[in-house]
Amino acid sequence: MSATLIDGKAIAATIRGEIRDAVETLQREQGRVPGLATVLVGQRKDSETYVRMKKRACEEVGIVSFGHELPADVSQEALLGVVEELNANPSVHGILVQLPLPDHIDDEAVLAAISLEKDVDGFHPLNIGRLSMKRREPLFVPCTPKGCIELLDRSGIEIGGRNAVVLGRSNIVGLPVAMLLLHRNATLTVCHSRTADLPAMVRQADILVAAVGRPEMVRGDWIKPGAAVIDVGVNAVDDADDPRGYRLVGDVAFAEARQVAGHITPVPGGVGPMTIAMLLKNTLDACARGAGNGDS
Ligand code: NDP
């Protein structure tokens with residue numbers, strides 16, 4: 001048996017189309033155009049690529065993007081000043097400070113300075129706190145975890161009452177995705193580097209979310225037959241046959257796992273495209289709620 005592929009690229013394209021339509025409607029009916037500000041500190045190649053992709057995705061759906069590029073040695077005070085300006089700018093509905101920030105910057109203080117109603121990355125401590133509590137709705141949910149749940153929902157995979165196993169407990173992926181699965185009434189296990197007998201834990205999973213950053217660590221014989229496998233990992237491995245000299249693989253050994261799983265995401269083309277689609281969705285929601293206009 002071969003698993004059904006969860007095509008994140010196609011699902012994200014559908015969502016971007018929905019967002020484009022909603023942006024047009026918002027503009028036509030209320031005269032509002034969503035705006036996303038990106039703040040990039042320093043010249044990390046990966047961060048530059050992510051920011052460029054986010055700006056391009058904005059353009060495609062009619063969201064205006066405002067780019068702010070600051071030197072790597074920018075002071076904390078100056079960076080906070082930029083965030084404050086963006087908080088006050090009524091054309092900006094979402095603010096994204098690209099992580100990671102240089103070591104001399106207190107990233108928690110920067111994330112906490114972003115206006116709650118413009119926190120489209122969902123990393124403001126209050127939004128994360130609300131996500132961790134029962135019956136407290138965060139204004140925004142972090143994009144990659146939100147994308148994982150969207151992939152499950154749009155593939156018709158039931159979450160409630162099922163065993164969900166999350167590999168990884170980072171603030172960016174593992175922890176928030178675990179909270180979302182719990183709120184959706186999954187029975188949850190969170191594994192990490194100290195977990196004893198990881199294969200045995202993974203074999204319990206009706207839904208597996210892998211976010212560890214270890215190339216193809218999860219083997220096919222760890223997977224429960226019929227499970228839904230969401231592979232968040234993006235790892236570059238050497239490949240002499242690839243013109244770039246490397247290829248990208250997930251945290252799951254795809255070829256093996258696809259023989260056992262019921263549904264599986266590929267890498268690339270699974271979770272990755274969803275992250276940006278969810279950022280666009282959060283920005284649209286921020287604008288529709290009236291972020292920055294004093295009427296949200
Ligand atoms: P982190 O390095 O912050 O967290 C990794 C987590 O995996 C930690 O909780 C760590 O445990 C756990 N871990 C590491 N090694 C093992 C192991 N051998 N066994 C069990 N658990 C282990 O990574 P991120 O959460 O930021 O990212 C995870 C992956 O997802 C990366 O490949 C990253 O590139 C990818 N990613 C993809 C995105 C996308 O849009 N597709 C977006 C964000 C990330 P401990 O806590 O004990 O250290």
Side-chain angles (χ1 to χ4, degrees), residues 1-8 10-12 14-15 18-19 122-123 126-192 195 197-212 218 220 222-233 250-252 257-258 260-267 270-275 277-279 281-282 285:
M1 189 190 81
S2 188
T4 302
L5 207 64
I6 302 179
D7 185 346
I11 294 174
T14 303
I15 294 171
E18 293 166 2
I19 293 170
F123 293 144
L126 204 60
N127 271 326
I128 291 287
R130 284 182 180 168
L131 183 66
S132 312
M133 295 168 89
K134 212 172 164 180
R135 286 191 287 277
R136 302 274 203 287
E137 283 295 315
L139 277 174
F140 300 100
V141 170
C143 302
T144 302
K146 183 170 168 155
C148 294
I149 301 297
E150 196 75 29
L151 284 175
L152 292 169
D153 285 344
R154 291 193 183 231
S155 304
I157 294 158
E158 188 69 36
I159 301 177
R162 307 191 71 206
N163 287 341
V165 175
V166 176
L167 303 186
R169 55 178 169 179
S170 73
N171 287 336
I172 292 176
V173 190
L175 220 51
V177 86
M179 290 303 124
L180 291 172
L181 289 163
L182 193 58
H183 290 319
R184 291 287 297 272
N185 299 315
T187 301
L188 178 69
T189 306
V190 181
C191 301
H192 44 77
T195 298
D197 202 351
L198 206 57
M201 292 294 169
V202 173
R203 282 188 196 108
Q204 311 285 321
D206 300 311
I207 296 170
L208 174 68
V209 179
V212 287
V218 177
W222 298 17
I223 306 287
K224 181 175 175 178
V229 177
I230 305 292
D231 190 354
V232 184
D251 291 341
V252 178
R258 118 168 264 193
V260 191
H263 291 78
I264 189 166
T265 58
V267 176
V271 175
M274 294 298 287
T275 298
M278 294 299 104
L279 175 67
K281 177 77 170 77
N282 280 350
D285 290 348

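Just so it is clear, the structure is predicted and the values come from calculations on it, not from any experiment.
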Working to the nearest 0.5 Å, report the span between [atom1] of [X] and [atom2] of [Y].
| X | Y | atom1 | atom2 | value |
| --- | --- | --- | --- | --- |
| L167 | D251 | CG | CG | 7.5 Å |
| I11 | T265 | CD1 | OG1 | 10.0 Å |
| M278 | E150 | CE | CD | 4.5 Å |
| L279 | C143 | CG | SG | 4.5 Å |
| T144 | I149 | OG1 | CD1 | 12.0 Å |
| C148 | D231 | SG | CG | 9.5 Å |

Of all heavy-atom pairs between [X] and [Y], which one has the smallest distance, and what is that distance?
| X | Y | answer |
| --- | --- | --- |
| G174 | V166 | O-CG1, 3.7 Å |
| P142 | G122 | CG-O, 3.6 Å |
| A257 | V252 | CB-CG1, 3.5 Å |
| V212 | G168 | CG1-N, 4.0 Å |
| F123 | N171 | CE2-O, 4.3 Å |
| L188 | A178 | CD2-O, 3.4 Å |

Will you find, in the side chains of K146 and N282, an N or O donor that is under 3.5 Å from an N or O acceptor? yes
Is the closest side-chain heavy-atom distance between [X] and [Y] below 4.5 Å?
| X | Y | answer |
| --- | --- | --- |
| V165 | V209 | no |
| L208 | K224 | no |
| I6 | R154 | no |

Go through the steps for R184 and D153 under the test side chain to side chain contact (heavy atoms under 4.5 Å, CB included), then give the verdict. CA-CA 11 Å; R184 291 287 297 272; D153 285 344; 2.8 Å; yes
If only atom types and distance count, is the side chain of N127 paired as donor or acceptor with the main-chain N or O of L139 below 3.5 Å? yes
Donor-acceptor contact present, side-chain T195 to main-chain L198, <3.5 Å: no
Do L181 and L152 pass the side chain to side chain contact (heavy atoms under 4.5 Å, CB included) test, and can you show the C-alpha distance, the side-chain angles, and the key distance before you say yes or no? CA-CA 10 Å; L181 289 163; L152 292 169; 4.2 Å; yes
Step by step, work out the side chain to side chain contact (heavy atoms under 4.5 Å, CB included) result for Q204 and T189. CA-CA 9 Å; Q204 311 285 321; T189 306; 5.9 Å; no
Could you walk me through whether H263 and L151 pass the side chain to side chain contact (heavy atoms under 4.5 Å, CB included) check? CA-CA 10 Å; H263 291 78; L151 284 175; over 6 Å; no
